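To start, the structure under review is shown below, and the notes come after it.
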There are 2 protein chains.
Amino acid sequence: MTSAEAGPRRREKYRHGDLRRALVEAGTEMAREGGPQAVVLREATRRVGVAPSAAYRHFEDRRALLDAVCSAAQAALAVAIEGELAGLAGDGNPAELARARLRGVGTGYLRFARAEPGLFRTAFSASDNLRSAASRDRAGEGGLTPFQLLGAALDELVEADVLPRERRPGAEFLAWSAVHGLAMLLIDGPLRGLEHPEAREVGQRLIDMVERGL
Amino acid sequence: MTSAEAGPRRREKYRHGDLRRALVEAGTEMAREGGPQAVVLREATRRVGVAPSAAYRHFEDRRALLDAVCSAAQAALAVAIEGELAGLAGDGNPAELARARLRGVGTGYLRFARAEPGLFRTAFSASDNLRSAASRDRAGEGGLTPFQLLGAALDELVEADVLPRERRPGAEFLAWSAVHGLAMLLIDGPLRGLEHPEAREVGQRLIDMVERGL
DNA sequence: TCTCCTTTGTGTACGGTGTTCACAATCCGT
DNA sequence: ACGGATTGTGAACACCGTACACAAAGGAGA
């Protein structure tokens with residue numbers, strides 16, 4: 001008990017314990033509120049209660065922090081898609097189930113984009129991040145990234161004989177393009193402000209187009 | 001001739017003449033090099049040779065400058081699409097020409113995205129800008145914005161009896177979604193670095209999907 | 001032509017940001 | 001218990017967007 005008088009309360013622990021995770025969580029919250037632009041290194045350290053330079057013990061860059069947040073956002077998207085898929089029950093017909101699962105990936109994707117626009121934009125903020133899309137911390141509970149979930153749904157479609165096998169290679173890029181583009185239109189573009197029923201309808205219509213045209 | 005000795009050469013004209021346009025041009029060049037993030041107000045004034053605060057005589061905000069650059073980028077995109085369309089000659093069959101024109105809009109869009117990724121990203125940087133997409137300074141030589149060019153192509157498709165009239169309303173959003181999404185994949189996403197022949201092929205395949213599924 | 005007002009660019013200043021670096025506190029293996 | 005590696009601190013730098021008072025230039029009316 002050297003100095004227990006009314007000095008400014010000492011920090012409980014000099015070491016934080018898990019500063020890296022805390023910073024990513026703070027950054028994720030900021031991304032949720034304002035997109036990738038809003039994840040500000042100094043603000044993150046402020047929220048965690050730590051000096052700005054402390055972040056550099058765990059991230060080389062602001063960009064590195066943003067990449068971690070980006071991964072977290074992609075994982076959240078994967079979880080949303082998994083949630084959409086979980087409610088699907090096969091009524092015996094495997095072809096119909098496979099189709100429903102592909103639609104589920106699309107609607108889950110769009111639902112997440114509208115529910116969490118900040119996180120969604122962050123998940124796809126430009127960087128070298130998206131190159132290796134197959135990483136554990138970009139995945140959901142099942143261990144699959146959003147991209148891999150889409151690929152799996154397409155594989156099931158082939159297995160159920162509804163998508164010709166020769167059309168399978170590269171099909172994920174076509175489907176992904178369509179849904180991702182619509183998501184952008186809905187949150188940033190001219191379709192912003194479309195309310196739930198209309199947004200849902202145009203989403204379903206787009207997925208119809210993909211199903212028909214794939 | 002009050003002070004014509006060896007003083008530091010006076011600025012030729014105190015008034016710049018057309019500072020606003022000069023700033024937009026500088027900003028556009030920076031956007032071309034590094035996307036929307038790279039259009040920095042101070043740097044623009046530096047390139048033009050003017051004090052930073054001078055910009056505020058012509059733009060309320062950095063955001064206002066960026067919006068102007070964004071409009072210029074959209075106009076450039078419109079010109080690129082028009083260029084793609086200009087090479088098309090009808091071989092008598094109006095249905096085939098209409099189809100070719102729709103494809104032209106898509107390939108022009110994708111070509112521009114790959115040729116000018118910085119400008120492309122800037123053209124669709126998130127803001128209130130995209131809401132009123134119909135403005136003269138977002139248009140090409142023909143006075144139509146990229147969005148309106150797509151709409152016109154779809155109208156021709158209806159006129160040529162290849163797209164059923166009841167499917168026309170809202171179709172631009174479906175087509176735009178697909179092409180825009182692919183553009184994003186090609187410049188920022190997992191398809192980055194795809195070279196010309198492959199990129200062109202996946203583009204054509206996507207447009208096939210749209211044509212079939214619309 | 002002179003004067004006065006409006007427009008447009010200047011200089012300075014403030015707060016915020018990312019980043020660096022020497023230093024201090026803590027933890028951990030020996 | 002000790003000594004080195006790890007992790008957080010504080011001060012500093014350069015840069016950014018923005019605000020404000022001031023000065024230079026131009027134009028309208030006498």
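Hydrogens, waters and symmetry mates are skipped; everything else that's a heavy atom, side chains included, is used. These numbers come from a predicted model, not from an experiment. Below, chains carry the letters A, B, ... as their sequence lines are ordered, and counting in each starts from 1.
- Judged by distance alone, the side chains of B:Arg138 and B:Ser71 do bring a donor and an acceptor atom under 3.5 Å apart.
- At whole-Å resolution of the value, CZ in A:Arg47 and P in C:dT17 are 11 Å apart.
- For the pair A:Phe59 CZ and D:dT6 P, the interatomic distance rounds to 18 Å; values are reported in whole Å.
- A:Arg121 and A:Gln37 share no side-chain donor-acceptor pair at under 3.5 Å.
- Contact check, A:His58 against D:dT6: no side-chain N or O comes under 4.0 Å of OP1 or OP2.
- A:Asp18 has its CG atom 16 Å from the C1' atom of C:dC27, to the nearest Å.
- Comparing D:dC22, D:dT9, D:dG17 against the side chain of A:Ala51 picks out D:dT9 as the nearest.
- Here C:dC23 presents its C1' atom at 10 Å from CZ of A:Arg57, a figure rounded to the nearest Å.
- Following rounding to the nearest Å, B:Leu65 (CG) and D:dC16 (C1') show an atom-to-atom distance of 14 Å.
- C:dC21 atom P lies 12 Å from atom OH of A:Tyr56, rounded to whole Å.
- A:Glu29 and A:Arg47 are not joined by a salt bridge, as no carboxylate oxygen comes within less than 4.0 angstrom of a charged side-chain nitrogen.
- The interatomic distance linking B:Leu23 (CG) with D:dG17 (P) rounds to 12 Å, in whole Å.
- One distance of note links CG of B:Leu185 with CZ of B:Arg192; it measures 11.0 Å at 0.5 Å rounding.
- Here OG of A:Ser125 is found 4.5 Å from CZ of A:Arg63. Values are rounded to the nearest 0.5 Å.
- The only option from A:Val179, A:Ile207, A:Ile81 that meets the side chain to side chain contact (heavy atoms under 4.5 Å, CB included) definition with A:Val105 turns out to be A:Ile81.
- Residue A:Arg46 places at least one side-chain N or O closer than 4.0 Å to OP1 or OP2 of C:dT17.
- The side chain of A:His16 places no N or O atom within less than 4.0 Å of a non-bridging phosphate oxygen (OP1 or OP2) of C:dT26.
- Here the C1' atom of nucleotide D:dT18 and the CG atom of B:Asp61 are 9 Å apart, to the nearest Å.
- Sorted by residue number, the members of residues 29-44 of chain B with any non-hydrogen atom under 4.0 Å from DNA chain D read B:Val40, B:Leu41, B:Arg42.
- Aromatic rings of B:Phe120 and B:His180 (six-membered ring for Trp) have centroids within the 6.0 Å cut-off, being under it.
- No donor-acceptor contact under 3.5 Å links the side chain of A:Ser53 to the base of D:dG8.
- Among the protein residues, A:Arg20 comes within range of no part of the nucleic acid, since none of its heavy atoms lies under 4.0 Å from any strand.
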